[in-house]
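Reminder, nothing fancy here: chain letters follow the sequence lines and each chain counts from 1.
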There are 2 protein chains.
Amino acid sequence: MSRILIIDDEQDILDILKYNLVKEGFEVEACNNGLKGIEIAKKYLPDVIILDVMMPETDGIEVCETLRKLPELIHTRICFLTARGEDYSQIAGLDAGADDYITKPVKPRVLISRINAITRRNEFNKQEQAESKNAFIINRERYIVEKNGETFHLPKKEFELLALLASRPDIVFERDVILEKVWGTDIVVGDRTIDVHVRKLREKLGDNHIKTVKGIGYKFEY
Amino acid sequence: MSRILIIDDEQDILDILKYNLVKEGFEVEACNNGLKGIEIAKKYLPDVIILDVMMPETDGIEVCETLRKLPELIHTRICFLTARGEDYSQIAGLDAGADDYITKPVKPRVLISRINAITRRNEFNKQEQAESKNAFIINRERYIVEKNGETFHLPKKEFELLALLASRPDIVFERDVILEKVWGTDIVVGDRTIDVHVRKLREKLGDNHIKTVKGIGYKFEY
DNA sequence: TGTTTTTCTTAAAGCAATATAAAGTTACGA
DNA sequence: TCGTAACTTTATATTGCTTTAAGAAAAACA
């Protein structure tokens, strides 16, 4: 499970966030000071850092900039904690470093889903890097797929299907696994549905990427 | 050459300033009353307004605030005329939206160089805007958006929505993220509310900037 | 080769998400 | 306090994605 570091000067907030994240199964480290936070980050190498923008001693923004310069944290996602109503454009400017921001007061459920989104994005990005060598980029943030500079806007299901298959190239995904991952366990759809979506993808990306493994399922190839 | 409007209740000063500015090649309009000045400004659309802070009937600061709300004067620079030593008026004046101030008594040479500085600044800004292809300026101080010189007055919610989307162009914002960031976690509004605001924005900015990503949310493109 | 199984293709139905218009609220300034 | 602008909701239309269905094709098997 993902490792998370929280940096906030208010002990209450630290406690609440930590409690909720631990309950959800994350590994959590907390710290009430920006400079200490940087030191911890270096050793702890968290997947996500939740960082309060407004802190009395060290400014969260500066902390973020410092963190961003550390090569060992290249994959670490930084998420700002801000009071609501603060200038978005300002935040955007600071966004040079931060990947997301959460507004206070933080609702636990929102926090969890946000962290999940961030870590998921992280997973995908790691794959993306591997994939980019072959000029096949699946960009979940922009919700587009790029192949040799060409850009494809895929509908939701097609995108999810492709993202799944491409997440492990050459590995065959069985039909019921695909159904479960893309459509979910609760929703039941016919078996042909997959075929149709595969066909749509082949239509758009060319016939060379998604191979049929008869009797089993499909796999993605470059 | 630049157009200048002078608003001051003292006829002497009007005459002196006008004489010197005309001699320097400026087009000058003069007026001895705040309210009349506002009317003239609307039609004359000056590049610079020289405005006396201390006037018997209407306060120069109020006049300035009124002028600043007029969209047609978005590019007009306002320069206060103050008696020397009035520290407070300087501060209040710049708060009210003035771009510069000149202390009385006015030395012609100082006046000219000051006006030149202001207009030059203005030119520079216009150029900058024209040159940047993505001339999409989101001005949070005045709640105004500019696109290729066109100015839009957006209501709060529309502005916040646009500011959010535009803060990360091409990135898709999910509907619940939009709701959280623009409306807040505690306030619950219907899902269609977003659509309606998007529609309003598209109506004003043109259909080309906010793209729908069906099933996910919206994104901003230049 | 004939039969069976599985997948492919296509069109069309079904459905969910979004767009739009209009009416109802709320907030705000004159 | 009235009138206007902003905001939200509601209802309906529309879009376009998803799914189904059914025949054709391909592969597997005997």
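Between A:Arg199 atom CZ and D:dT18 atom P the separation is 15 Å, expressed in whole Å. Residue B:Arg202 contributes atom CZ, which lies 11 Å from atom P of C:dT18 at whole-angstrom precision. Rounded to whole Å, atom P of D:dT18 lies 10 Å from atom CG of A:Leu201. What separates CG of A:Leu179 from P of D:dT18 is a distance of 14 Å, to the nearest Å. Residue A:Phe159 contributes atom CZ, which lies 18 Å from atom P of C:dA17 at whole-angstrom precision. The separation between A:Ile178 atom CD1 and C:dT7 atom P is 11 Å, rounded to whole Å.
Nearer the 5' end of DNA chain C, as judged by each residue's closest nucleotide, is the contact made by B:Lys214, out of B:Glu203 and B:Lys214. Toward the 5′ end of DNA chain C lies the nearest nucleotide of A:Gly215, the other residue of the pair B:Gly215 and A:Gly215 mapping further downstream.
Judged by distance alone, with hydrogens and angles left aside, the side-chain atoms of A:His209 form no donor-acceptor pair with the main-chain N or O of A:Phe220 at under 3.5 Å.
Picking from D:dA26, C:dC8, C:dA19 the nucleotide with the shortest atom distance to the side chain of A:Tyr218 gives C:dC8.
For the residue pair B:Thr212 and B:Arg202, a side-chain donor N or O sits within less than 3.5 Å of a side-chain acceptor on the partner.
The existence of a salt bridge linking A:Asp170 and A:Lys219 is excluded, since no basic side-chain nitrogen approaches an acidic carboxylate oxygen closer than 4.0 Å. Between B:Asp195 and B:Arg192 there is a salt bridge, since a side-chain N of the basic residue sits under 4.0 Å from a carboxylate O of the acidic one. A salt bridge is absent between A:Glu160 and A:Lys181: the closest approach of a Lys/Arg side-chain nitrogen to an acidic carboxylate oxygen does not fall below 4.0 angstrom.
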_Annotated protein contacts, base or backbone, on nucleotides 4-14 of chain D with a non-hydrogen cut-off under 4.0 Å, one of B, S, - each_ = --SSBBB----

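Taking 4.0 angstrom as the limit, A:Arg175 places none of its side-chain polar atoms (N or O) nearer than this to OP1 or OP2 of C:dT6.
Partner A:Ile50 forms a side-chain contact (heavy atoms from CB on, under 4.5 Å) with one of A:Ile78, A:Leu21, A:Ile7 and no other, that one being A:Leu21.
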